[in-house]
Protein chains: 2
Amino acid sequence: MVAAERARRRPARASVWLEDKARRGGAARGGQPSGLDRDRITAVAVALLDAEGLPKFSMRRLATELNVTAMSVYWYVDTKDDLLELALDAVFGEMRVPAAIPGDEEESTADWRDQLRELAVEYREVLVRHPWVSTLAGNFLNIGPNYLEFSFAVQRVIRRTGLPMSEQTGAISAVFQFVYGFGTIEGHFVERCAAAGVSEDEYFSEAMAAVTQAPRISHVMEGSKALMEARGGDTVAEMFERDFSTALEIVIGGIEARVTAV
Amino acid sequence: MVAAERARRRPARASVWLEDKARRGGAARGGQPSGLDRDRITAVAVALLDAEGLPKFSMRRLATELNVTAMSVYWYVDTKDDLLELALDAVFGEMRVPAAIPGDEEESTADWRDQLRELAVEYREVLVRHPWVSTLAGNFLNIGPNYLEFSFAVQRVIRRTGLPMSEQTGAISAVFQFVYGFGTIEGHFVERCAAAGVSEDEYFSEAMAAVTQAPRISHVMEGSKALMEARGGDTVAEMFERDFSTALEIVIGGIEARVTAV
DNA sequence: ACCTGAACACCGTTCAAGT
DNA sequence: ACCTGAACACCGTTCAAGT
């Protein structure tokens, strides 16, 4: 019965990166009448996602941007999801990660703490620059080349913390799931401000006013007033900065404490 | 120009919880011919989201489930997004959180570490039980009554860590953004297994095989083989459990270290 | 007060046909 | 090899109309 159900649906590859035909290579452009290739399609998709957001992104909208009929894109890409996966990995390529140095497990003399901070900042920045990334990263398998490169860089750094191997995957979660969650919130906040056409600080105070006045919410906001104020920072940007860095230092400190305790 | 652009779009409330008409109260059913009310609509929406997932959820699909025409639902709810926000907060209501004890800031004698663990586990379980929650929680404002109750419980616990107030919001991020990210991954994994109709362990080994054989990926997987094996646990469920608890203990340890350092 | 039907402006994707 | 047009089976939402 299960087999029958699986047979009924289409192949359902779990990711573009698994057994994908990859039609055109991608380097040379202009061979085709329309100058289309995977790289250009992906680049325009990224631009469109940045400009208009994931909910408004459609194959038809993309096609008009490419001066092409909606169905031309399907020559290069099997489904919309495949294309989104390509766009996702493309922006992961923006992250600058330290390359592996073969034979040098110590990876120069850099402190693992500093390297972890740098990787966390790179990841956060991608999530904030491209708010649609968090939704996609949460829904796809994330096995594109650029994300894998990042994730192996993370593994190399964690290896040098001194944590026992059995705890290394947990430590990776503690750092990067936090960054993922934080970047998700921050990215969507920035996106909403841009969509509303107001500054972050304006949007924040308007939102606070709305929440405080809402009948079902106001009575319960009293308790967190003191917390909001103590959070520090004059601007929303400073608030984000402060929260991000204290959280990151808490996690790094937690790893250190665990290492020295052993 | 910005003002004009804002005027052109519809009011665009940022959340159902802000100035929503809330048409029918919700308690008494049967007054209406079809027995419809917000609570029933929300409950059926949750059931449908659980059963078929967010991408397949539509107002028309929901309406047929309610034995009603597609447009009837719009009497009770302004937009699909509003309904999704209601469904989101409804399942946040599944979390059991310690109630505030007025006047008792110490909140009995319970250890803040234990209380933090409990809250983290509750949140994680919601994310895994309802994989659609993470997408929605990432995209909405999360100011429904149930989520607020949870988030105030979190604030009360963090207050008792001994951290300076300026660092408390950061600590909250460290714990719950991690849980959010972790629950997102875990929830989607569980969902994919169910959709494919195989056990978690079967799905995992199939996925590992696929990834290891993929031409563009295999060469780079060598490095993480040792890590995967050292991670421990015979089953996927044990792996998740192990990673979650070591990560959580790292963060809790990080908070402790920061408190005693002050 | 509550519900329906028809309609509008969209979707992703298939398929046969063009060059 | 690459691109198009028409078509299918859907969407969310508006609006005028019913009871």
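The sequence lines fix the lettering, A, B, ..., with proteins before strands; numbering per chain opens at 1. Computed from a prediction, not measured in an experiment: that's the story for all the values here.
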Asks: Without decimals, in angstroms, what is the distance between A:Ile41 CD1 and D:dC2 C1'?
Replies: 11 Å
Asks: Is there any salt bridge (charged side-chain N to carboxylate O under 4.0 Å, His left out) pair reaching into residues 183-203 of chain A, and which pairs are they, with sequence neighbours excluded?
Replies: A:Arg124-A:Glu186
Asks: Dot-bracket notation for DNA chain C is requested: 5' to 3', Watson-Crick or G-U wobble pairs only, both distances under 3.5 Å, with ( ), [ ], | and . as defined.
Replies: ||.|||||...|||||.||
Asks: For nucleotides 7-11 of chain C, list the nitrogen or oxygen atoms of the protein found under 3.5 Å from its nitrogen or oxygen atoms, one pair per line.
Replies:
{"from": "C:dC11", "atom 1": "OP1", "to": "A:Ser58", "atom 2": "OG", "distance (Å)": "3.2"}

Asks: When the C1' atoms of C:dC10 and D:dC8 are compared, how many Å lie between them, rounded to an integer?
Replies: 15 Å
Asks: Grab the CG-C1' distance between A:Leu66 and D:dC2 for me, whole Å please.
Replies: 15 Å
Asks: The criterion is side chain to side chain donor-acceptor pair (under 3.5 Å); which residues satisfy it with B:Ser15, sequence neighbours excluded?
Replies: B:Glu85
Asks: Taking ring pair (Phe, Tyr, Trp, His ring centres under 6.0 Å) as the definition, give me every residue that meets it alongside B:Trp132, ordered by chain and number, with sequence neighbours left out.
Replies: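 Ring pair (Phe, Tyr, Trp, His ring centres under 6.0 Å) list for B:Trp132, sorted by chain: B:His130.
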Asks: For the pair made of CG in B:Asp78 and C1' in D:dG12, what is the distance, rounded to whole Å?
Replies: 13 Å
Asks: Is the distance from the ring center of A:Phe244 to that of A:Phe178 below 6.0 Å?
Replies: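 Judged by ring-centre distance (under 6.0 Å), A:Phe244 and A:Phe178 do meet the cut-off.
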Asks: Expressed as a whole number of angstroms, how long is the span from B:Trp75:CH2 to D:dC15:C1'?
Replies: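 For the pair B:Trp75 CH2 and D:dC15 C1', the rounded distance is 14 Å.
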Asks: Go through C:dT13, C:dC3, D:dC3 for me and flag the one nearest to the A:Tyr76 side chain.
Replies: D:dC3
Asks: Donor-acceptor check, side chain of B:Thr69 to backbone of B:Ser72, threshold 3.5 angstrom: yes or no?
Replies: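 Not at all, since once roles are kept as given, no pair shorter than 3.5 Å links the two residues.
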Asks: Taking only residues two or more places apart in sequence or in another chain, which ones pass ring pair (Phe, Tyr, Trp, His ring centres under 6.0 Å) with B:Phe189?
Replies: B:Tyr203, B:Phe240
Asks: Could I get the full list of ring pair (Phe, Tyr, Trp, His ring centres under 6.0 Å) partners for B:Phe152, not counting sequence neighbours?
Replies: none
Asks: Does a side-chain N or O from B:Ser72 land closer than 4.0 Å to OP1 or OP2 of C:dT4, or not?
Replies: yes
Asks: Nearest to the side chain of A:Thr79 - C:dG5, C:dT13, D:dC3?
Replies: C:dT13
Asks: Distance check needed: D:dC2 P versus A:Arg40 CZ, whole Å only.
Replies: 14 Å
Asks: Only counting residues at least two apart or in another chain, list the ones meeting side-chain contact (heavy atoms from CB on, under 4.5 Å) with B:Thr64.
Replies: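 Partners of B:Thr64 by the side-chain contact (heavy atoms from CB on, under 4.5 Å) criterion, ordered by chain and then number, come out as B:Arg61.
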Asks: Please report, rounded to the nearest Å, how far the C1' atom of D:dT13 is from the CG atom of B:Leu83.
Replies: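 Whole-Å distance recorded here is 14 Å.
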Asks: Show me the pairs that pass salt bridge (charged side-chain N to carboxylate O under 4.0 Å, His left out) and involve residues 136-146 of chain A, at least two apart or across chains.
Replies: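 For residues 136-146 of chain A, and leaving out neighbouring residues, there are no salt bridge (charged side-chain N to carboxylate O under 4.0 Å, His left out) pairs at all.
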Asks: Work out how far the P atom of D:dA9 is from that of C:dA9, and round it to whole angstrom.
Replies: 22 Å
